[in-house]
Amino acid sequence: MKDSKKIAITGGGGQIAYSILFRIAEGGLLGHEQPIELRILEIPEAKKTLDGVVMELEDCAFPLVTKIVASTDPYEIFENAQIALLIGAKPRAPGMERSDLLVENAKIFIEQGKALNEKAASDILVFVVGNPCNTNAWITMQNAPKIDRSRFFAMTRLDQNRAKALLAKRSGAPVREIKQMTIWGNHSSTQVPDFTHVKIAGKPAEEVIQDRRWLETEFIETVQKRGTAVLEARGKSSAASAANAAINSICSLMQPTPDGEWFSVGICSDGNPYGVEENLIFSFPCRSKGNGQIEIVSGLEIDPFIKEKIEASEKELIQERG
Ligand code: NAX
């Protein structure tokens, strides 16, 4: 039997965790041959909820789970962690400005960055879901100088999945035939779902859909506003689809990317081939060589309509960085 992989998850009492923990424990993240140790963080106010979730995890008797640690201390949770899923964050309260949200979350991710720096495995993969996820990932990276900057990621995969699903619906092609869907920039309303390189069953999306106006307007806006639409319909924000996207992302990072495909993830922009400001966590089209070793897909021609939007998202991230 292989050694257990230590997976740290924050926000363990929350909605996304309630879905992702069970999928990870079942083998959905690292496969059915890899034993795992779950190390789950919560804040004291929600520790009781987490204790209930741990009881349920135990009651599943997952064969792959060798140990579960639940705590309110990030230094304990991140000890020797090899993958960290930073899901827990402070939600936006009614009337709260985005700038206040950034300040409140900065405190969390400064502390967690320091704890990761001190305690985690040096080659840990840090994947941030909690919003504003790009800037939270950047703050974590700044506070964990011992960990290579290429090991920090922010989730834009849910946006990519939403975009693929929408193109599949519109074109009538199955989702698996939609390839090379890029989300550029920030996971916010300035995100850029780029349809210009998408292939639908091997053909350019614009050729299959034959409605550039729809792609430039309704398609982009629907993807950008999908989170709000789910919230309005369900009365709660996206959870199972977010957990699914986080799992998809880690699988894409850990396994070599198949030919003719790429995936979107927020990564450190240092040395990127598209002239985006350095020292941001920015979503790019990426390919993995396996084990979290990824490179940005280079040489794509950027459509002027898309370029303008990428610059607006870049500007927003520079402002968030402060
Ligand atoms: P919930 O509010 O259900 O759960 C968050 C949990 O995090 C709570 O139990 C809370 O007590 C805990 N928490 C807060 N501060 C913490 C800290 N310092 N350490 C450990 N735990 C802490 O939110 P949920 O629906 O699970 O969403 C979690 C985060 O994901 C939110 O920030 C949300 O905005 C973000 N999302 C990001 C997405 C993305 O695509 N990047 C999509 C889904 C989601 O909106």
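First listed ligand is number 1; within each ligand, the first listed atom is number 1. Heavy-atom basis, side chains included; hydrogens, waters and symmetry copies ignored.
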Do we see a donor-acceptor contact under 3.5 Å between the side chains of Thr217 and Arg212?
no
In terms of side-chain heavy atoms, does Trp262 have a donor or acceptor partner in Thr182 at a distance below 3.5 Å?
yes
Which of Ile24, Ile83, Leu64 passes side chain to side chain contact (heavy atoms under 4.5 Å, CB included) with Leu30? It is Ile83
Determine, using the 4.5 Å side-chain heavy-atom cutoff (strictly less than), whether Leu41 and Phe152 are members of one ILVMFWY cluster.
yes
Could you tell me if Thr135 and Glu320 have a donor-acceptor pair between their side chains, going purely by distance under 3.5 Å?
yes
For ligand 1, output the ligand-protein N/O contacts shorter than 3.5 angstrom; if there are none, return none.
residue: ligand 1; atom: 3 (O); partner: Gln15; partner atom: N; Å: 2.9
residue: ligand 1; atom: 9 (O); partner: Gly14; partner atom: N; Å: 3.4
residue: ligand 1; atom: 9 (O); partner: Glu42; partner atom: OE2; Å: 2.5
residue: ligand 1; atom: 11 (O); partner: Glu42; partner atom: OE1; Å: 2.8
residue: ligand 1; atom: 11 (O); partner: Glu42; partner atom: OE2; Å: 3.4
residue: ligand 1; atom: 19 (N); partner: Gln112; partner atom: NE2; Å: 3.3
residue: ligand 1; atom: 21 (N); partner: Gly11; partner atom: N; Å: 3.3
residue: ligand 1; atom: 25 (O); partner: Gln15; partner atom: NE2; Å: 3.0
residue: ligand 1; atom: 26 (O); partner: Gln15; partner atom: N; Å: 3.3
residue: ligand 1; atom: 26 (O); partner: Ile16; partner atom: N; Å: 2.9
residue: ligand 1; atom: 32 (O); partner: Asn131; partner atom: N; Å: 2.9
residue: ligand 1; atom: 34 (O); partner: Asn131; partner atom: ND2; Å: 2.9
residue: ligand 1; atom: 36 (N); partner: Asn131; partner atom: ND2; Å: 3.4
residue: ligand 1; atom: 40 (O); partner: His187; partner atom: NE2; Å: 3.2
residue: ligand 1; atom: 41 (N); partner: Val129; partner atom: O; Å: 3.3
residue: ligand 1; atom: 41 (N); partner: Met155; partner atom: O; Å: 3.3

Check the side chains of Asn186 and Gln191 for a donor-acceptor pair under 3.5 angstrom, ignoring hydrogens and angles.
no
